Amino acid sequence: MEFHQPLPDQVLENVLENVLHFLSSRHDRNAASLVCRSWYRAEAITRSDLFIGNCYAVSPNRATTRFTRVRSITVKGKPRFSDFDLMPMNWGAHFSPWAIALSKAYPWLEKIHLKRMSVTDDDLAVVAESIAGFQELVLVCCEGFGTRGLATVAGKCRVLRVLELVDSVVEVAEDEEEVDWISCFPESQTHMESLVFDCVECPVNFGALEKLVARSPSLKKLRLNSYVSISQLHRLMQRAPQLTHLGTGSFSASEAVAIGDQEPDYASVFAACRSLVCLSGFREILADYLPAIYPVCTNLTSLNLSYADINAEQFKSVICHCHKLQALWALDSICDEGLQAVAATCKDLRELRVFPVNAREESEGPVSEVGLEAISQGCRKLESILFFCQRMTNAAVVAMSKNCPDLVVFRLCIIGRYRTDPVTHQPMDEGFGAIVMNCKKLTRLAVSGLLTDRVFEYIGRYGKLVRTLSVAFAGDSDMGLKYVLEGCSNLQKLEIRDSPFGDEAFRSGLHHYYNMRFLWMSSCKLTRQGCQEVARALPRLVLEVINSEENEADDIEILYMYRSLDGPRDDTPKVVTILH
């Protein structure tokens, strides 16, 4: 038999494909694909996880043509500022073209993760009916779909393992009735590992839910909505003691109290869940029930109390047991006193988020520099912080920069415009300057308070790893933005609102914009002519001008600029103008 020796290039590509299978980081894979054409081809056919950071950066057809063996895909839509009602309704980010393309190109697809996308019931039907082995659907901050779409997914996806609805809007049309989607899961034993529906603002069929949990032995994560009472939670936990992640639902008085019956022993059922490490929920909380969770606190690594409006004393009764905690979300109702308790107990804390109960500018906030400084002294392993407050000092921020040098994410949101340091009455420049100087791993930064161009000089000089920067009500002149665009070589996402940056500052980033995922500027000092000049200079960027009304006025209310391999989109609403 004649033996044909393979060509050297073919041998090399076969070896390369086997090596690339071990490369999991998308950033490393992107770098590998740029080496040469053979690496480009090999990387494409070995990529099983596809991440699309902007649904308009590449068309679905282009993505599916290049990457032919994808099993998992993540697609992001609207920019983050859409969370603050800064974008018009029906702006776009429709999943429909993606749903059609994915169902045709990847009949073996297992996972879809979407964030800030507009998803319809028909889109969900396309996925559920076209992909027989579909296993995982995660919708974060999405809207447009309802219980009918969820019913289709539950009924058609027979091997579904994960269904997570996170901060999404589940809609019911006025001419439609709510569909009992929980009852649509297979009646046989399921493969469910994660079921998250805490954002669904309508009742669920509890009887069907209880049966579903009972026939899902692999279920590890369950997050319930506010229509599930604490007595119903008790029954679910009895049937699923293997849970590792639990969202409790309402956590308030149950029907049993109303009719005078004796309540279940909630503490015992929590104690029986020995694997529980992540606890959230507590919507409409009645603090009298908090002692029920004490038995699991010692093993918790994550605790989310961002819906629990509890005071410092109530919070302290819980947190004093949480010595292993690594992630904590809470409302500022816990006060500085609560944060001091965190500092004293949670020595392994890596992530902290403190949200405001009252976000009005004129209110006196219950957390301040006192709590932040306590955290910096007690939680020195901290890597990520989001902190809303009404007052803050430079000294406290400087202390955090020195005590927590491993910070990767620092987002300090001082509620109220142009707030100075209340002790020195100086701008907050030195505090944020210290963060970028001393925290060498910093990749994400949000600044607030009264800030001059000096802070942007610090950021441009020292923030060499910063990839995401959020700015509001800050700066003196165009120089501030110039410092950032000329100095932050790794900048990917830049969000600016209500700041005095104009055309000259905008043009100073021409050398870098092709390397960025997007730039958002709203209520700044841009003109249509200045934006038009940038659009002509950088034809592979898409510049969207978003005005509240159809007009050709020179002022720019919102500019959203992003790179795209396929040029301007064709689904813009009337309030969006794409500059050429």
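These numbers were taken from a predicted model, which means no experiment stands behind them.
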### Query
When you look at E164 and S194, which way does the side-chain hydrogen bond (donor to acceptor under 3.5 Å, both in side chains) test go after all the steps?
CA-CA 7 Å; E164 297 187 2; S194 176; 2.6 Å; yes
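- In this view, E110 and R71 satisfy the side chain to side chain donor-acceptor pair (under 3.5 Å) rule, not counting sequence neighbours.
- Evaluation of the side chain to side chain contact (heavy atoms under 4.5 Å, CB included) rule for S72 yields D49, K111 as partners, not counting sequence neighbours.
- Not counting sequence neighbours, the partners of T572 by the side chain to side chain contact (heavy atoms under 4.5 Å, CB included) test are R569, V576, I578.
- L124 and F145 get closest at one heavy-atom pair: CD1-CB, 4.0 Å.
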Contacts under 3.5 angstrom, residues 90-97 side chains, donor-acceptor by atom type, not counting sequence neighbours:
residue	atom	partner	partner atom	Å
W91	NE1	E544	OE1	3.1
S96	OG	D123	OD1	2.7
S96	OG	D123	OD2	3.3

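- Applying the salt bridge (Lys or Arg N to Asp or Glu O under 4.0 Å) rule to pairs touching residues 500-523 yields K482-E504, R507-E533, sequence neighbours excluded.
- F355 is linked by a ring-ring contact (aromatic ring centres under 6.0 Å, His included) to W329, counting only residues two or more places apart in sequence or in another chain.
- Remark: E136 pairs with H113, R161 by the side chain to side chain donor-acceptor pair (under 3.5 Å) rule, at least two apart or across chains.
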### Query
Where do N61 and S59 land on the side-chain hydrogen bond (donor to acceptor under 3.5 Å, both in side chains) test, with the steps shown first?
CA-CA 5 Å; N61 289 334; S59 69; 5.6 Å; no
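- A donor and an acceptor atom, one from each side chain of N304 and S306, are located under 3.5 Å apart.
- Crowding of K464 atom NZ: a count of heavy atoms from other residues, nucleotides or ligands under 6.0 Å exceeding 12.
- Annotation: ring-ring contact (aromatic ring centres under 6.0 Å, His included) contacts of Y513 (sequence neighbours excluded): F506.
- Salt-bridge check for E495 with K493: failed, with every basic side-chain N at 4.0 Å or more from each acidic carboxylate O.
- No side-chain donor-acceptor contact under 3.5 Å links W181 and S183.
- Contacts of S523 classified as side chain to side chain contact (heavy atoms under 4.5 Å, CB included), with partners at least two apart in sequence or in another chain: D498.
- A donor-acceptor contact under 3.5 angstrom links the side chains of S477 and D453, judged on distance only.
- Remark: D198 engages R223 in a side chain to side chain donor-acceptor pair (under 3.5 Å) (not counting sequence neighbours).
- In this structure, the separation between CZ on R66 and CG on L565 is 9.0 Å, given to the nearest 0.5 Å.
- For N54, the side chain to side chain contact (heavy atoms under 4.5 Å, CB included) partners two or more places apart in sequence, or in a different chain, are Y56, A57, Y560, Y562.
- To the nearest 0.5 Å, atom CZ of residue R69 and atom OH of residue Y106 are 12.0 Å apart.
- Looking at residues two or more places apart in sequence or on another chain, you find a side chain to side chain donor-acceptor pair (under 3.5 Å) between R350 and D348.
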